[in-house]
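Note sheet for the following structure.
Just so you know, these numbers use all the heavy atoms, side chains as well, and skip hydrogens, waters and symmetry mates. Nothing here was measured: the structure is a model prediction, and the numbers come from that model. Lettering of chains follows the sequences in order, A, B, ..., and the numbering in each one begins at 1.
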2 protein chains.
Amino acid sequence: MPRISGEGVSGNQGVVLTLRTLEALAHSKGQMGVTELAAKLGTTKTRIHRQLRTLLEHGYVAQSEETGRYRVGSRLISLGRHVTEASNLAGLAQPHLSKLREALGQSCVVSQFEHSGARIVMALSGRSPIEIGVKPGSLLPFHNSAQGRVMLAHADPEFRKTVLARPMNATTPETIVTREALLVELEKVRARGWATAANQSAMGLNALAAPFFDASGGVVGAVGIVDLVQYLPPQPLPEQLEAIVQAAAGISTSLGHIAGQ
Amino acid sequence: MPRISGEGVSGNQGVVLTLRTLEALAHSKGQMGVTELAAKLGTTKTRIHRQLRTLLEHGYVAQSEETGRYRVGSRLISLGRHVTEASNLAGLAQPHLSKLREALGQSCVVSQFEHSGARIVMALSGRSPIEIGVKPGSLLPFHNSAQGRVMLAHADPEFRKTVLARPMNATTPETIVTREALLVELEKVRARGWATAANQSAMGLNALAAPFFDASGGVVGAVGIVDLVQYLPPQPLPEQLEAIVQAAAGISTSLGHIAGQ
DNA sequence: TCTTGTGTTTCGGTAGACGTAACGCTATAT
DNA sequence: ATATAGCGTTACGTCTACCGAAACACAAGA
């Protein structure tokens, strides 16, 4: 007999499987097989297969012609574009960034997590007559920038592993370029929730960054300040730390993240 | 008796309604009611309501506490982020942009459609010693930029209407600032598939842009070139037109768009 | 106060989704 | 070569979980 509604369980239950399937496909960078999905989602192959058939027919997923595995489809991408546009990271982060600039007077930056690094989304230049900052649209490497490090530290462990396997170039004599050293640094960063990068991308330059997260707990991007080491020491001032952490927390909240993991 | 599979109809059918519901919510900027959704999707209130209940329980949609209407939820936003990241407009467009720069030697730009204007995603500067271009991350207005105009011309008619109702500032004496004149220009742009903007954002400057689309046929962004009017006349050269249109078509194809609307 | 609109709930019947099990097929290992 | 193991896919009968029509509770106007 059907459980009508009562409490807790209600509505369609096939739907949640579908959405979890799409989530799994979206989170996995490449393609996924039926069996793999069934195992990951704890259900039978048949169910997954039927769902995928339907999704395939409507263009939400696509199937590799040769391997038979499935990947995100064009219609889902289109949906994703509309959704992210509605959420609008730049607009959401702007008040927090302005407040940060107001409080510290230094160059402030918001960047977004991408698989190839930290993409600068927005920047406000500091009050100092000397222009220190990064250009919007540019991509910061994971290994030698505060923004990149703090994202990598909070990213999916498996993804972190693949990044650490990539070769790292030294932009200064002090740049961390060995897998082991960076691993140690990242562990420290993850534990305290913020990262610095003194003399890492250029001598005399430092940055301080903290991550923000969305509702699912995944890291979306980072907010940070950039300045000369003289004004932003390797061990940042308490007010700088507090301001950054607060700004990051504010953006997280705006993104629907519930504090406390 | 169940129609097993046969041809045409197969798989779950509740799923497609759910996804169409999410699409409807994503496309409408604000919130939507149960009745409204039911009418739009051609089904009963009951069905929609149950779907929404399930989606609500899992965080894919959110419900306004006071009006009872529904909007996109945090978890869907998170999904959208992952999906769009996987599609990666910047990476996709890069080869086409490089080819364009190669062919014309002028400053080339890719921008993405946003509700407040054309957001510059990527730019390559030209071969000329004089630096002409736009900075990545900046936002071009709809009314006085070629990129903005070509997007607006191909955007949803209703959205175009709301944009045209907004006040427009004149950045040069020649800038089109009246609703009627812009409407005429947009109609021309839509018909021929490309836009220019000579002396519109600054005197002596011109731009040429063509739009690209995703699989659903919606405009995603535009690719364009920027140069002095001297080198990019109000009526662009045939080779410039051809190169731009080809680049745009190439990006469309990469995005899964099937040529011919 | 009556009407007309919301979003929400109930309820029985049925058709559509479910699991089990078998099918081709391709690679890998024997 | 041959056997094995894994993949994505299909078949089919059971049964459950979704569906539609109609009623409900509440809000806003007339």
Ion pair present between Arg190(B) and Glu187(B), side-chain N to carboxylate O less than 4.0 angstrom?
-> yes
Stepwise, does the ring pair (Phe, Tyr, Trp, His ring centres under 6.0 Å) test hold for Phe113(A) with His154(A)?
-> CA-CA 11 Å; Phe113(A) 174 75; His154(A) 291 84; over 10 Å; no
side-chain contact (heavy atoms from CB on, under 4.5 Å) with Ala181(B): which residues, sequence neighbours excluded?
-> Ile176(B), Thr178(B)
Would you check if the side chain of Gln31(A) reaches a backbone N or O of Tyr70(A) as a donor-acceptor pair within less than 3.5 Å?
-> no
Over how many whole Å does the gap from Gln31(A) atom CD to dG8(D) atom P extend?
-> 11 Å
Answer with yes or no whether Thr46(A) presents, from its side chain, a donor or acceptor under 3.5 Å of a partner atom in the base of dA17(C).
-> no
d(CG, Leu41(A); P, dG19(C)) in whole Å = 13 Å
Would you say a side-chain N or O of Thr44(B) is under 4.0 Å from OP1 or OP2 of dG20(D)?
-> yes
Send over the distance from Ile48(A) CD1 to dC18(C) P, rounded to a whole Å.
-> 10 Å
Interatomic distance where CG belongs to Leu52(A) and C1' belongs to dC7(D) [whole Å] = 14 Å
Quick one: which protein N/O atoms are closer than 3.5 Å to N/O atoms of nucleotides 4-7 of chain C? Pair and distance per line, please.
residue: dG7(C); atom: OP1; partner: Val34(B); partner atom: N; Å: 2.9
residue: dG7(C); atom: OP2; partner: Thr35(B); partner atom: N; Å: 3.0
residue: dG7(C); atom: OP2; partner: Thr35(B); partner atom: OG1; Å: 2.4
residue: dG7(C); atom: N7; partner: Lys45(B); partner atom: NZ; Å: 3.3

Rounded to the nearest Å, what distance is computed from the CZ atom of residue Arg47(B) to the P atom of nucleotide dA17(D)?
-> 17 Å
Do any side-chain nitrogens or oxygens of Arg50(A) fall under 4.0 Å of OP1 or OP2 in dA17(C)?
-> no
Would Arg20(B) and Glu23(B) count as a salt bridge (Lys or Arg N to Asp or Glu O under 4.0 Å) if you check the C-alpha gap in whole Å, the side-chain angles of each, and the deciding distance to 0.1 Å?
-> CA-CA 5 Å; Arg20(B) 290 211 303 144; Glu23(B) 274 184 348; over 6 Å; no
For the pair made of CG in Leu17(A) and C1' in dC18(C), what is the distance, rounded to whole Å?
-> 12 Å
Can we say Lys99(A) and Glu102(A) salt-bridge, meaning some charged N sits less than 4.0 Å from an Asp/Glu carboxylate O?
-> no
